[in-house]
Chemist: 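The structure that follows is given in the form of structure tokens.
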Amino acid sequence: MPNADLKITDLDADAQQQALIDFAKFYIRHFRSNDLEILSQYKVDYAMNDINHYLYVNRSFSPAELAAGVLEYKREMFLEILKTVDLAYNADGRLKGNTWKAWYLQEYAAIAPGI
């Protein structure tokens, strides 16, 4: 069963933490450049609003400080987003066959022109 797709909830604690760290770094980069619209197509507005409020209030923090804090205080919100986005993971917590940057570009390219 080594080729089975693992979901975020299938990962052990260490792998899940790695997945959350990777996603938090991705999320914070896009929050700072005000381009989280791709995630908005998923039904996760409630989680994004909560996370974005924390990031905004602490906007003077470095990216590393923001990632540590947001994972400490908003971990469950990130898990809800990752459950909803529903991507496959490797056992080590890395996205299976993809990166967050590549995923974002694929999602962006799939948007119909003129919308």
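Just so it is clear, the structure is predicted and the values come from calculations on it, not from any experiment.
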Chemist: Rounded to the nearest 0.5 Å, what separates atom CG in L95 from atom CH2 in W103?
Modeler: 9.5 Å
Chemist: Can you tell me how far the CH2 atom of W100 sits from the OH atom of Y27, to the nearest 0.5 Å?
Modeler: 12.0 Å
Chemist: What are the two closest heavy atoms between A15 and A91, and how far apart are they?
Modeler: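 Residues A15 and A91, closest heavy atoms: CB-O, 3.1 Å.
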Chemist: Do you know which two heavy atoms are closest between I8 and L79, and how far apart they sit?
Modeler: CG1-CD2, 3.7 Å
Chemist: Identify every side-chain donor-acceptor pair in residues 67-76 under 3.5 Å, counting partners at least two apart or on other chains, and give the distances.
Modeler:
| residue | atom | partner | partner atom | Å |
| --- | --- | --- | --- | --- |
| K74 | NZ | D50 | OD1 | 3.0 |
| K74 | NZ | D50 | OD2 | 3.3 |
| R75 | NH2 | Q16 | OE1 | 3.0 |

Chemist: Are V57 and L66 linked, directly or through other ILVMFWY residues, by side chains that come within less than 4.5 angstrom of each other?
Modeler: no
Chemist: List, one per line, each side-chain donor-acceptor pair under 3.5 Å for residues 33-40, sequence neighbours excluded.
Modeler:
| residue | atom | partner | partner atom | Å |
| --- | --- | --- | --- | --- |
| S33 | OG | R29 | O | 3.2 |
| S33 | OG | H30 | O | 3.4 |
| S33 | OG | D35 | OD1 | 2.8 |
| D35 | OD1 | H30 | ND1 | 2.9 |
| D35 | OD2 | H30 | ND1 | 3.4 |
| S40 | OG | L36 | O | 3.4 |

Chemist: Check whether any side-chain heavy atom of D86 lies under 4.5 Å from a side-chain heavy atom of K7, and answer yes or no.
Modeler: yes
Chemist: Are D22 and Q18 close enough that a side-chain donor and a side-chain acceptor fall under 3.5 Å?
Modeler: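 The criterion, which ignores hydrogens and geometry beyond distance, is satisfied for Q18 and D22.
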Chemist: I need the I28 CD1 to R59 CZ distance, nearest 0.5 Å.
Modeler: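 Taking CD1 in I28 and CZ in R59, the distance rounds to 15.0 Å.
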Chemist: First locate atom OG1 of T9, then atom OH of Y89, and finally report the distance between them rounded to the nearest 0.5 Å.
Modeler: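 Here the rounded value is 10.0 Å.
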Chemist: Measuring only between side-chain heavy atoms, which start at C-beta, is F31 closer than 4.5 Å to I51?
Modeler: no
Chemist: Taking all atoms of both residues into account, what is the closest heavy-atom pair of G93 and L11, and its distance?
Modeler: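 Heavy-atom minimum between the residues: CA-CD1, 4.0 Å.
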Chemist: Determine the minimum heavy-atom distance between A47 and M77, stating which atoms define it.
Modeler: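 Looking at all heavy atoms of both residues, the shortest contact is CA-SD, 3.6 Å.
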Chemist: Please check if the side chain of N90 supplies one atom and the backbone of D92 the other of a donor-acceptor pair under 3.5 Å.
Modeler: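 No, the answer is negative, given that no donor and acceptor are paired below the 3.5 Å cut-off.
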Chemist: Quick one: pull up OH in Y46 and CD in E80 and give me the separation to the nearest 0.5 Å.
Modeler: 4.5 Å
Chemist: Within the 4.5 Å heavy-atom criterion, are L82 and L20 side-chain neighbours or not?
Modeler: yes
Chemist: How long is the straight-line distance from OH of Y104 back to OG1 of T99, given to the nearest 0.5 Å?
Modeler: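 It is 13.0 Å, given to the nearest 0.5 Å.
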